[in-house]
Enquirer: 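Structure in structure tokens, see below.
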Amino acid sequence: MDGKHMQIGEVAARTELSLRTIRHYEETGLVAPSARSRGGFRLYTETDVARLMVIRRMKPLGFTLDQMRDLLDATDRLDTGTALDTEEREALLERIRAYQQEAAEQVEKLRVQLSRAEDFEGTLRARLEQDAHAARG
């Protein structure tokens, strides 16, 4: 990390999250700004942006705020650089594996939904093309 701080507007643009959503994630304890300006403005780092991106990617897969918090806690503990005993490290990795598996299952469900949606759109398109062809004559 280069130590560069960004204000919430830049973070919102980079993460494609609204200011309100970022503030909500702060209120719920999912992410906290790394610093505050003298004027009290929230200041974020690249690490904070990466954390928000994890949250953003979990949301459409149906993960709850508690699940997001739990996963972030596990990754934070692994990333602290503090020595963990083998049992603790394996328990944290197992938590992450469980989230990865759940994410994979949700992705598969979304693929099925997308396929059905594409079939439906194709059916409507074919119907419109059929009607347009009939109208021409």
Enquirer: Passes side-chain contact (heavy atoms from CB on, under 4.5 Å), R69 versus T28? Steps please.
Expert: CA-CA 9 Å; R69 193 175 295 105; T28 58; 3.7 Å; yes

Enquirer: Hey, could you give me each pair passing ring-ring contact (aromatic ring centres under 6.0 Å, His included) that has a residue in residues 67-91? Not counting sequence neighbours.
Expert: none

Enquirer: What pairs meet the salt bridge (Lys or Arg N to Asp or Glu O under 4.0 Å) rule with one or both residues in residues 24-33, with sequence neighbours excluded?
Expert: E26-R36, E26-R42

Enquirer: Report the residue from L52, L72, V54, I22 that forms a side-chain contact (heavy atoms from CB on, under 4.5 Å) with L30.
Expert: L72

Enquirer: Please report, to 0.1 Å, the donor-acceptor pairs under 3.5 Å made by any side chain of residues 105-122, with sequence neighbours excluded.
Expert:
| unit_1 | atom_1 | unit_2 | atom_2 | d |
| --- | --- | --- | --- | --- |
| E105 | OE2 | Q101 | NE2 | 3.2 |
| E121 | OE1 | R125 | NH2 | 2.9 |
| E121 | OE2 | R125 | NE | 3.2 |

Enquirer: Can you tell me how far the NZ atom of K59 sits from the OG1 atom of T21, to the nearest 0.5 Å?
Expert: 8.5 Å

Enquirer: Below 4.5 Å, heavy atoms only, C-beta onward: do L78 and I96 meet side chain to side chain?
Expert: yes

Enquirer: For residues 61-112, pull every pair meeting ring-ring contact (aromatic ring centres under 6.0 Å, His included), keeping only residues two or more places apart or in separate chains.
Expert: F63-Y99

Enquirer: With sequence neighbours excluded, what pairs up with T64 under the side-chain contact (heavy atoms from CB on, under 4.5 Å) test?
Expert: D66, Q67

Enquirer: Which is it for L43 and D48 under the side-chain contact (heavy atoms from CB on, under 4.5 Å) test, yes or no, and what are the steps along the way?
Expert: CA-CA 9 Å; L43 298 174; D48 300 326; over 6 Å; no

Enquirer: Please list, chain by chain and in numerical order, all residues satisfying ring-ring contact (aromatic ring centres under 6.0 Å, His included) with Y25, sequence neighbours excluded.
Expert: none

Enquirer: With a cutoff of under 4.5 Å between side-chain heavy atoms, which Ile, Leu, Val, Met, Phe, Trp and Tyr residues group with L128?
Expert: none

Enquirer: Please tabulate, for the side chains in residues 129-136, all donor-acceptor contacts under 3.5 angstrom to protein atoms that are two or more places apart in sequence or on a different chain.
Expert:
| unit_1 | atom_1 | unit_2 | atom_2 | d |
| --- | --- | --- | --- | --- |
| D131 | OD1 | R127 | NE | 3.4 |
| D131 | OD2 | R127 | NE | 3.1 |

Enquirer: Using every non-hydrogen atom in the two residues, find where S18 and A12 come nearest and quote the distance to one decimal.
Expert: C-CB, 4.5 Å

Enquirer: Working to the nearest 0.5 Å, report the span between OG of S37 and NE2 of H5.
Expert: 10.5 Å

Enquirer: With sequence neighbours excluded, what pairs up with R95 under the side-chain contact (heavy atoms from CB on, under 4.5 Å) test?
Expert: D70, D73, A74, R77, L92

Enquirer: Going from CZ on F41 to CD1 on I8, what distance comes out if it is rounded to the nearest 0.5 angstrom?
Expert: 11.0 Å

Enquirer: Side chains of L61 and E102, heavy atoms from C-beta outward: is any pair under 4.5 Å?
Expert: no

Enquirer: For residues 64-95, which residue pairs qualify under ring-ring contact (aromatic ring centres under 6.0 Å, His included), counting only residues two or more places apart or in two chains?
Expert: none

Enquirer: Which residues satisfy the side-chain contact (heavy atoms from CB on, under 4.5 Å) test with T82, sequence neighbours excluded?
Expert: T80

Enquirer: Could you list the residues that satisfy side-chain contact (heavy atoms from CB on, under 4.5 Å) with V49, not counting sequence neighbours?
Expert: M6, V11, R14, T15, M53

Enquirer: Taking NZ, NE, NH1 and NH2 as the nitrogens, is one of them in E10 or K4 under 4.0 Å from a carboxylate oxygen of the other?
Expert: yes

